[in-house]
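Below, chains carry the letters A, B, ... as their sequence lines are ordered, and counting in each starts from 1. Below, each value reflects all heavy atoms present in this structure, side chains not excepted, and no hydrogens, waters or symmetry copies.
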Amino acid sequence: MSNIEITLPDGSKQSVAAETRPIDIARSISPRLADAAIVAKVNGELFDLTRPIGKDASLQILTAKDPESLYVYRHSTAHLLAAAVLELYPETKLGIGPPIDNGFYYDFDRPTPFTPEDLEKIEKKMWEIQARSLPYERVLTQKDEGLKKYSEAWMKCELITERADQVFSEYTLGPYFIDFCRGPHLPDTSKIKAFKLLSIAGAYWKGDEHNKQLQRIYGTAWFTQKELEAYLKQVEEAKKRDHRKLGKELDLFSIQELAGPGLIFFHPKGGILRKQLEDWMRDQYIRRGYSLVYTPHVARLDLWKTSGHANFYAENMFKPMEVEGAEYQLKPMNCPFHILIYADRQRSYRDLPVRLGELGTVYRYERSGVLNGLFRVRGFTQDDAHIFCTQDQIEGEVVDCLQFAIDTLHTFGFTEYEAELSTWDGGASSKYAGSADQWQLAENALQRATEKLSMKVKVSPDEAAFYGPKIDVKLVDAIGRKWQLSTVQFDFNLPARFGLEYIAEDGKAHQPLMVHRALYGSIERFFGILIEHYAGAFPVWLAPVQAIVLPITDRHTGYAKSVQQQLDAAGVRATVDERSEKVNLKIRDAQLQKIPYMLVVGDREQENRQVAVRNRKHGDQGAKPVEDFIRDVRALIDSKAVTE
RNA sequence: GCCGGCGUAGCUCAGCUGGUAGAGCAUCUGAUUUGUAAUCAGAGGGUCGCAGGUUCAAUCCCUGUCGCCGGCUCCA
């Protein structure tokens with residue numbers, strides 16, 4: 001038997017038998033390492049701990065500290081799930097079972113759906129199998145032989161036919177379970193310590209709704225019980241912040257069954273918040289050289305035929321309505337309208353850039369199953385703007401757009417964000433509109449703009465829209481979730497379709513470049529993100545009620561009202577709780593309404609023209625003159641402070 | 001749209017595999033006049049999402065429909 005040479009991460013070398021396995025090396029280094037080992041890396045490739053190394057190689061033993069380990073761990077937990085399902089329901093056919101961000105899932109094909117009770121049974125069975133310390137065994141199979149072996153399992157056959165090499169690997173777990181799988185896996189089930197099955201959902205085979213619908217079981221898995229509990233707690237936290245729940249509790253907005261799904265009603269308190277968003281954005285438009293425009297909600301279908309939306313966007317549009325023999329279309333986008341304004345008169349290069357901005361309300365048909373609170377609706381308002389400019393101007397325009405996006409995030413209290421640049425395929429296919437020159441120019445401009453602003457950007461090739469490359473900005477919220485928000489995208493399609501032009505210095509007509517950009521994206525959606533980010537406790541400048549005056553007894557109500565009037569006069573949104581209730585109750589209710597400041601007034605305050613300030617977060621702040629409070633709170637409002 | 005779950009008072013939820021419904025909070029009334037997260041008492045309030053069907057009898061079983069939730073898909 002020949003020997004092989006193993007190089008460890010510290011550079012040391014060992015000569016060992018070819019059938020030596022990573023776990024053997026780990027043991028020879030230290031029992032603790034062997035115990036902590038999850039998986040190995042052999043020449044950079046993930047390897048089972050129990051798979052013979054077989055050739056000269058560099059070897060790294062991965063433990064729970066290495067991020068790749070968790071995926072292997074979850075993948076193995078998914079196999080454990082499938083093994084349990086097969087033990088309980090042998091007729092079930094297996095789909096795929098990959099690890100995902102917070103856990104894993106497995107897709108099953110089965111005539112009767114799983115119930116929540118089944119989930120409990122399956123989880124119990126999983127622990128039972130786990131306790132047997134069954135090994136995950138890797139087996140090599142010939143492709144034709146494998147197809148025979150899996151002839152009962154149609155999904156596996158499909159996968160093997162499409163993806164498998166001539167000789168492929170399988171993994172077994174116990175007597176019932178064998179799976180076409182690249183691996184690697186844990187050595188055995190005893191390594192699995194903490195997991196929980198979470199939910200059952202329908203999922204289409206390969207994510208395509210034309211395919212058969214399978215039943216997916218989701219689960220989460222972590223190295224330790226502690227991490228599992230922390231994750232479940234984080235899920236709970238997210239539930240507490242759910243904007244649909246808070247929207248009702250804080251009386252911000254509603255969706256009315258009688259009016260229809262996906263259509264948002266802003267209540268007075270939500271209305272104040274929305275007005276803050278709108279006012280800030282319009283103000284910024286003006287400061288940053290945009291022209292504010294207003295356009296209709298419907299237009300002749302011909303416009304949408306010219307823009308092409310009637311064709312490629314038809315399935316997202318409400319059906320046209322007939323008016324005096326002509327068809328009219330509710331607008332799903334603002335761009336054609338802005339284009340009409342641009343094209344309404346001849347443009348000189350001296351006029352460019354033309355930046356037309358609008359808070360434009362659009363209606364899109366979304367399938368009923370995808371609607372979700374404020375996040376996914378059928379009618380929403382975009383802070384939409386279109387920039388028409390020359391080639392020389394695009395880089396500057398893109399820089400300004402991105403800077404605007406970053407300023408927007410900071411203003412609303414988001415400090416972390418990510419940017420993604422979606423580019424085309426370099427012309428490999430014909431699915432993209434526009435010329436290679438245009439793509440090059442635009443992609444370069446986007447790239448250079450991010451460099452100028454020192455933005456970190458992830459490039460996603462072949463992810464662009466068909467009409468142009470784009471940069472998307474994602475924010476990270478208070479509990480670490482990412483939300484796609486702003487977008488800056490080029491459009492090579494519409495200027496051509498509408499024959500847009502400007503007269504250049506050479507006296508000839510040229511086609512302008514068009515940039516489409518939205519920073520909030522959708523005001524409704526951004527509102528929802530804000531609700532969840534702040535868990536309803538908005539910064540003072542956004543809070544619907546900024547201060548509530550709490551008279552201790554009825555005889556203080558008069559003074560309380562005079563305080564409220566002073567606050568009103570100073571532009572501080574204030575109310576008075578006039579109920580004949582105890583202060584404790586009034587405070588409790590104000591806290592639950594997440595009102596930033598509670599101003600308790602009794603004999604002492606009335607006598608000294610003061611208010612006893614209570615901050616929703618920091619509690620009792622002591623008494624101070626009304627003017628002092630107004631000065632302090634105005635400072636916070638004027639600076640749009642996001643911390644208290 | 002599809003799969004699964006759900007729809008009971010303004011809100012949050014109970015309601016024993018069929019005998020026309022109950023709690024807490026909220027509301028109203030009365031008492032209490034209160035100092036930093038729930039004062040007490042009484043009263044009113046439901047065609048059990050909607051429409052059919054089965055049954056002597058339906059909140060409960062069946063069918064359809066509307067809406068919501070978790071996913072699939074897609075995006076802002």
Side-chain angles (χ1 to χ4, degrees), chain A residues 105 107 110 112-116 118-119 198-218 239 242 244-245 248-249 251 255-262 313 315-316 332-334 360 362 364-384 465 472 474 483-487 489 516-529 550-557 579-593 598-605 612-616 618-623:
Chain A
Y105 66 81
D107 285 343
R110 189 162 174 264
T112 46
F114 290 114
T115 65
D118 291 338
L119 219 55
L198 298 177
S199 58
I200 312 157
Y204 296 100
W205 174 235
K206 294 175 183 166
D208 183 339
E209 64 180 326
H210 301 297
N211 288 338
K212 183 161 187 184
Q213 187 153 36
L214 311 172
Q215 290 175 67
R216 176 171 296 179
I217 296 181
Y218 280 95
K239 264 193 207 151
D242 191 315
R244 294 167 300 195
K245 181 169 166 280
K248 189 176 275 183
E249 286 173 7
D251 198 16
I255 297 166
Q256 301 288 333
E257 184 167 344
L258 189 56
Y313 207 69
E315 65 178 36
N316 280 299
M333 299 218 182
N334 301 302
V362 296
R364 297 183 185 174
Y365 167 70
E366 298 281 3
R367 295 190 292 179
S368 53
V370 306
L371 299 173
N372 176 0
L374 294 171
F375 289 160
R376 195 67 184 277
V377 298
R378 283 181 174 159
F380 60 99
T381 301
Q382 293 179 309
D383 60 317
D384 204 2
D472 291 324
K474 286 186 190 131
W483 303 95
Q484 143 78 43
L485 201 72
S486 308
T487 186
Q489 35 193 91
H516 166 112
R517 41 108 291 168
L519 304 186
Y520 294 149
S522 142
I523 291 182
E524 285 77 1
R525 184 166 178 276
F526 186 61
F527 181 31
I529 293 170
L550 311 178
I552 287 176
T553 75
D554 292 347
R555 69 172 181 279
H556 306 116
T557 304
R579 295 174 301 171
S580 299
E581 295 287 353
K582 290 190 159 183
V583 189
N584 280 320
L585 193 264
K586 295 182 184 181
I587 285 175
R588 180 185 152 79
D589 287 348
Q591 284 287 154
L592 292 175
Q593 284 297 304
M598 286 148 268
L599 308 176
V600 178
V601 295
D603 290 337
R604 295 199 292 273
E605 290 74 20
V613 178
R614 180 189 165 99
N615 177 286
R616 69 180 162 200
H618 306 296
D620 194 352
Q621 307 288 293

Quick one: A/I217 CD1 to B/G71 C1', roughly how many Å, whole number?
13 Å
Check: B/G71 base within 3.5 Å donor-acceptor of A/Y105 side chain
no
Nearest whole Å is fine: how far is B/G49 P from A/L258 CG?
17 Å
Can you confirm whether A/R364 sits close enough to A/M333 that some side-chain heavy atom of one is under 4.5 Å from a side-chain heavy atom of the other?
yes
Look up atom CG in A/D107 and atom CD in A/Q213, then write down how far apart they are to the nearest 0.5 Å.
10.0 Å
Sequence neighbours left out, what passes ring-ring contact (aromatic ring centres under 6.0 Å, His included) with A/F380? Give chain and number order.
none
Which atom of A/L550 lies closest to which atom of A/M598, heavy atoms considered
CD1-CB, 4.0 Å
Whether the side chain of A/E257 and the base of B/G7 hold a donor-acceptor pair under 3.5 Å is what I'd like checked.
no
With salt bridge (Lys or Arg N to Asp or Glu O under 4.0 Å) as the test, would you mind laying out the steps for A/D208 and A/K206 before giving the verdict?
CA-CA 5 Å; A/D208 183 339; A/K206 294 175 183 166; over 6 Å; no
Residue met sooner reading RNA chain B from 5', once A/D554 and A/K206 are mapped to nucleotides
A/D554
Sub-3.5 Å pairs of nitrogen or oxygen atoms, protein against nucleotides 39-48 of chain B:
residue	atom	partner	partner atom	Å
B/U39	O4	A/E581	OE1	3.4

With a 4.0 Å cut-off on heavy atoms, is A/D603 in touch with a base, just the backbone sugar-phosphate, or nothing at all?
base
Does the side chain of A/N334 reach to within under 4.5 Å of the side chain of A/H516, using non-hydrogen atoms?
no
Distance-minimising heavy-atom pair for A/G528 and A/F375:
C-CE2, 3.5 Å
For atom P, what is the distance between B/U73 and B/C60, given to the nearest Å?
36 Å
On the 0 to 90° scale, with breaks at 30° and 60°, tag the A/F526-A/Y520 ring pair as parallel, tilted or perpendicular.
parallel
In whole angstroms, the gap separating P of B/C66 from CD of A/Q256 amounts to 19 Å
Touch check for A/F526, heavy atoms < 4.0 angstrom, all strands: base, sugar-phosphate only, or nothing?
nothing
Are A/K248 and B/U12 close enough that a side-chain N or O sits under 4.0 Å from OP1 or OP2?
yes
Nearest 0.5 Å, what's the CZ-CD distance between A/R525 and A/Q484?
6.5 Å
Check nucleotides 74-76 of chain B for protein N or O atoms closer than 3.5 Å to its own N or O atoms and list the pairs.
residue	atom	partner	partner atom	Å
B/C74	O2	A/R376	NH1	2.6
B/C74	O2	A/R376	NH2	2.3
B/C74	N3	A/R376	NH1	3.1
B/A76	O2'	A/R525	NE	3.3
B/A76	O2'	A/R525	NH1	3.4
B/A76	N7	A/R364	NH1	3.4
B/A76	N6	A/E366	OE2	2.8
B/A76	N6	A/V377	O	2.9
B/A76	N1	A/V377	N	3.4

Base, sugar-phosphate, or nothing for A/A612, non-hydrogen atoms under 4.0 angstrom?
base
State whether the side chain of A/Q215 and the backbone N or O of A/F114 hold a donor-acceptor pair below 3.5 Å, judged by distance alone.
yes
What I want to check is whether an N or O donor and acceptor connect the side chain of A/Q213 with the base of B/C2 at under 3.5 Å.
yes
Do the non-hydrogen side-chain atoms of A/Q591 and A/R614 ever get within less than 4.5 Å of each other?
yes
About how many Å separate CZ of A/R378 and CG of A/L371, when rounded to the nearest 0.5 Å?
5.0 Å
Nearest whole angstrom, please: distance from the P of B/U32 to the NZ of A/K586.
16 Å
For residues 583-590 of chain A, which side-chain donor-acceptor pairs fall under 3.5 Å, sequence neighbours excluded?
residue	atom	partner	partner atom	Å
A/K586	NZ	A/P551	O	2.8
A/K586	NZ	A/D577	O	3.2
A/K586	NZ	A/R579	O	2.9
A/D589	OD2	A/R579	NH1	3.2
A/D589	OD2	A/R579	NH2	2.9

Counting the atoms with a prime plus P, OP1 and OP2 as sugar-phosphate, which does A/V600 contact under 4.0 Å by heavy atoms, base, sugar-phosphate, or nothing?
base
Could you tell me the separation between the CZ atom of A/F114 and the P atom of B/G4, rounded to a whole number of Å?
13 Å
I'd like to know if the side chain of A/D383 reaches the main chain of A/S522, judged simply by a donor and an acceptor atom lying under 3.5 Å from each other, with no hydrogens or angles considered.
no
State whether the distance check finds a donor on one side and an acceptor on the other, under 3.5 Å, for side chain A/Y204 versus base B/C3.
no
Using OP1 and OP2 only, check whether a side-chain N or O of A/S368 sits under 4.0 Å from B/G1.
yes
Side chains of A/T381 and A/E524: does their closest heavy-atom pair fall under 4.5 Å?
yes
Using the C1' atom as the point on both nucleotides, what is the distance between B/C28 and B/C74, in whole Å?
49 Å
Identify each atom pair where a protein N or O and an N or O of nucleotides 27-29 of chain B are less than 3.5 Å apart, giving names and distance.
none

Whole-Å C1' distance, B/G22 and B/C66
27 Å
To the nearest angstrom, the CH2-P distance between A/W205 and B/C2 comes to 23 Å
Can you tell me if CD on A/E315 sees more than 12 non-hydrogen neighbours from other groups inside 6.0 Å?
no
By the 4.0 Å heavy-atom rule, please label A/Q621 as base, sugar-phosphate, or nothing.
nothing
Quickly work out the A/I200 CD1 to B/C72 C1' distance and round it to whole Å.
15 Å
Suppose we call a contact any N or O donor and acceptor under 3.5 Å apart; does that hold for the side chain of A/R614 and the base of B/A37?
yes
Between P on B/U73 and CG on A/N372, what's the gap in Å once rounded to a whole number?
15 Å
When A/G619 and A/G262 are each assigned the nearest nucleotide of RNA chain B, the 5'-most assignment goes to A/G619
Any chance you could encode RNA chain B as dot-bracket? Rule is Watson-Crick or G-U wobble with both distances under 3.5 Å; [ ] for pairs crossing earlier ones, | for another strand.
(((((((..((((........)))).(((((.......))))).....(((((.......))))))))))))....
Would you classify A/R244 as touching base, sugar-phosphate or nothing, given that sugar-phosphate means primed atoms plus P, OP1 and OP2, and contacts are heavy atoms under 4.0 Å?
sugar-phosphate
Whole-Å C1' distance, B/C61 and B/G46:
23 Å
Can you tell me, in whole Å, how much space there is between the C1' of B/U8 and that of B/U47?
13 Å
